[in-house]
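Worksheet for the structure shown next.
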Amino acid sequence: MSGRFAPRPVTRTTVRDGDTTVPPQTPREPPAGTQAGPARTRTWTPPWPLDLGLVLGPLRRGPADPTFRTTPDGAFWRTSRTPAGPGTLRVAARGGAVEATAWGEGAEQLLDQLPPLLGSLDDPSAFEPRHRVVAETWRRRPGLRLGRTGQVLESLIPSILEQKVTTDEAYRAWRLLLRKYGEPAPGPVDGRMHVMPCPRTWSLIPSWEWHRAGVDSKRSATILRAVRVARRLEEASEMPLVEASARLQLIPGIGPWTAAETLQRSNGAPDAVSVGDYHLPSMVGYALAGDRDADDEAMLELLAPYAGQRHRAARLILLSGTTPPRRAPRMTPRNIAAL
């Protein structure tokens, strides 16, 4: 029988609940030049001091994030799946100006959204420091702005992966899933960067691949529910904070913490405080009142004078370096893949 029939590509597999489509895997490193396309450029001069590291830093999910990297020349690179398609953006500060270069189908949109990404829609004039630690950090960090990506899903999915696990576990899962199912990023990135998968690809990831990445069934099920209504969730990027948070929390498995972590990045929301965070209440309590045992209720009471700007105040507290001393070893990461 050898040679009589050409082998069929394997695109389906059978699991206990029936047939599940397995998306074809893209090659890790496409041939040089096939993904670059013409580069587009833009120069923008912000009318205020700007620290690219402070503004873009929250978009990075760990030191080996496939969607984010920094280079020795001081440039920041990030990938994004825009409505126009995937794109890669390189941003670097030159004097008082910002030079940006973009590649891919989403290049034009990434350049159009450059000012909001770097905080042009942020209004820190409404912020008034009311504690010494906050005031001192505010004075030392004049380049802090709250950027807005305008993309909900690309911040929502990694935030779901970070639910109730250590950051190392969440970063590992994000890295493994993107390297296997994400698209190679357009531009001169040498195959080291990837664009987040589209909603359909997320929905087709087999259960055992979630398991291998260390993602339990609760978090993977939440992501699957979210990508099924991706278009409706993306509408939250244009909503006020309360309505946007309510829209995200309609999805079972998404609570106040996940919604806040998402909207801080997608909407640049200055009041989206991360209620339910494992470390934040003790850090805020220790910095503002010397209370390392503060809970969410105590944290919100301490942040009440910053109503409308509570996330900005929390960012400044974290940047101050005023953190309570450790009393116990770090949490031991679980190895879900070994279960």
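Residue numbers count from 1 along this sequence.
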Does a side-chain N-to-carboxylate-O contact under 4.0 Å join R192 and D190? yes
Counting heavy atoms not belonging to E301, are there more than 12 under 6.0 Å from its CD? no
So, D296 side chain and G276 main chain: donor-acceptor pair closer than 3.5 Å or not? yes
Should V215 and V227 be counted in the same cluster of Ile, Leu, Val, Met, Phe, Trp and Tyr side chains packed under 4.5 Å apart? yes
Closest heavy-atom pair and its distance - Q151, T82: NE2-CA, 4.1 Å
Does a donor on one side chain and an acceptor on the other come within less than 3.5 Å for Q163 and T222? no
Can you see whether D73 engages T71 through a side-chain donor-acceptor pair at a distance of less than 3.5 angstrom? yes
For the backbone of A107 and the side chain of R40, can you confirm whether one donor and one acceptor N or O come within less than 3.5 Å of each other? no
R60 side, atom CZ; D65 side, atom CG - distance, nearest 0.5 Å: 7.0 Å
Using a strict 4.0 Å threshold on nitrogen-to-oxygen distance, state whether E136 and R139 make a salt bridge. yes
Parallel, tilted or perpendicular, judged at 30° and 60°: which one describes the rings of Y306 and F127? parallel
Is there a side-chain contact between L319 and L54 (heavy atoms, below 4.5 Å)? yes
Given 3.5 Å as the limit, does a donor-acceptor pair link the side chain of E169 with the main chain of T166, or not? yes
Examine distances only and state if a side-chain atom of R312 and a backbone atom of P270 form a donor-acceptor pair shorter than 3.5 Å. no
List the steps, then state whether side chain to side chain contact (heavy atoms under 4.5 Å, CB included) holds for L263 with H311. CA-CA 11 Å; L263 297 174; H311 169 52; over 6 Å; no
Between the side chains of E235 and R232, is the shortest nitrogen-to-carboxylate-oxygen separation below 4.0 Å, so that they form an ion pair? yes
Please name the pair of heavy atoms, one in L300 and one in R310, separated by the smallest distance, quoted to 0.1 Å. CD2-NH1, 3.7 Å
Side-chain (N267) to main-chain (A236) donor-acceptor, under 3.5 angstrom: yes
Step by step, work out the side chain to side chain contact (heavy atoms under 4.5 Å, CB included) result for Y181 and H194. CA-CA 9 Å; Y181 294 102; H194 290 74; over 6 Å; no
Is a side-chain donor or acceptor of S274 paired with a backbone partner of A260 at a separation under 3.5 angstrom? no
Pairing of E238 and R148 as salt bridge, 4.0 angstrom limit: yes
Which is it for E128 and W138 under the side chain to side chain contact (heavy atoms under 4.5 Å, CB included) test, yes or no, and what are the steps along the way? CA-CA 9 Å; E128 182 180 352; W138 180 240; over 6 Å; no
same_hphob_cluster(L121, L146) at 4.5 Å side-chain heavy-atom cutoff: no
When you look at D277 and M299, which way does the side chain to side chain contact (heavy atoms under 4.5 Å, CB included) test go after all the steps? CA-CA 11 Å; D277 192 88; M299 176 184 70; over 6 Å; no
Atom OG of S159 and atom CZ of R219: how far apart are they, to the nearest 0.5 Å? 12.5 Å
Measure the NE2-CG distance between H131 and L316 for me, rounded to the nearest 0.5 Å. 12.5 Å
Spatial distance of atom NZ (K164) from atom OH (Y278) [nearest 0.5 Å]: 11.5 Å
Taking a hydrophobic cluster as the set of Ile, Leu, Val, Met, Phe, Trp and Tyr residues connected by side-chain heavy atoms closer than 4.5 Å, whether directly or through intermediates, do L288 and Y286 fall within one such cluster? no
What are the two closest heavy atoms between G308 and D271, and how far apart are they? N-OD1, 2.9 Å
Neighbour count >12 (heavy atoms, 6.0 Å) for atom CZ, R140: yes
Nearest heavy-atom pair of T258 and T262: which atoms, and what distance? O-OG1, 2.8 Å
Tightest non-hydrogen contact, residues T101 and A39, listed as CG2-CB, 3.9 Å
Does L89 belong to the same Ile/Leu/Val/Met/Phe/Trp/Tyr cluster as L50, with side-chain heavy atoms less than 4.5 Å apart forming each link? yes
Output for pair (L153 CG, I160 CD1), nearest 0.5 Å, gives 8.0 Å
Hydrophobic clustering (ILVMFWY, side-chain heavy atoms < 4.5 Å, transitive) - are L118 and F68 grouped together? yes
Which heavy atom in P46 sits nearest to a heavy atom in V98, and how many Å separate them? CD-CG2, 4.2 Å
Kindly compute the distance separating CG (L248) from OG (S266), expressed to the nearest 0.5 Å. 7.0 Å
Carboxylate-amine/guanidinium proximity below 4.0 Å for E154 and R265: no
If only atom types and distance count, is the side chain of E234 paired as donor or acceptor with the main-chain N or O of V152 below 3.5 Å? yes
Are any of the side-chain heavy atoms of S217 and W210 separated by less than 4.5 Å? no
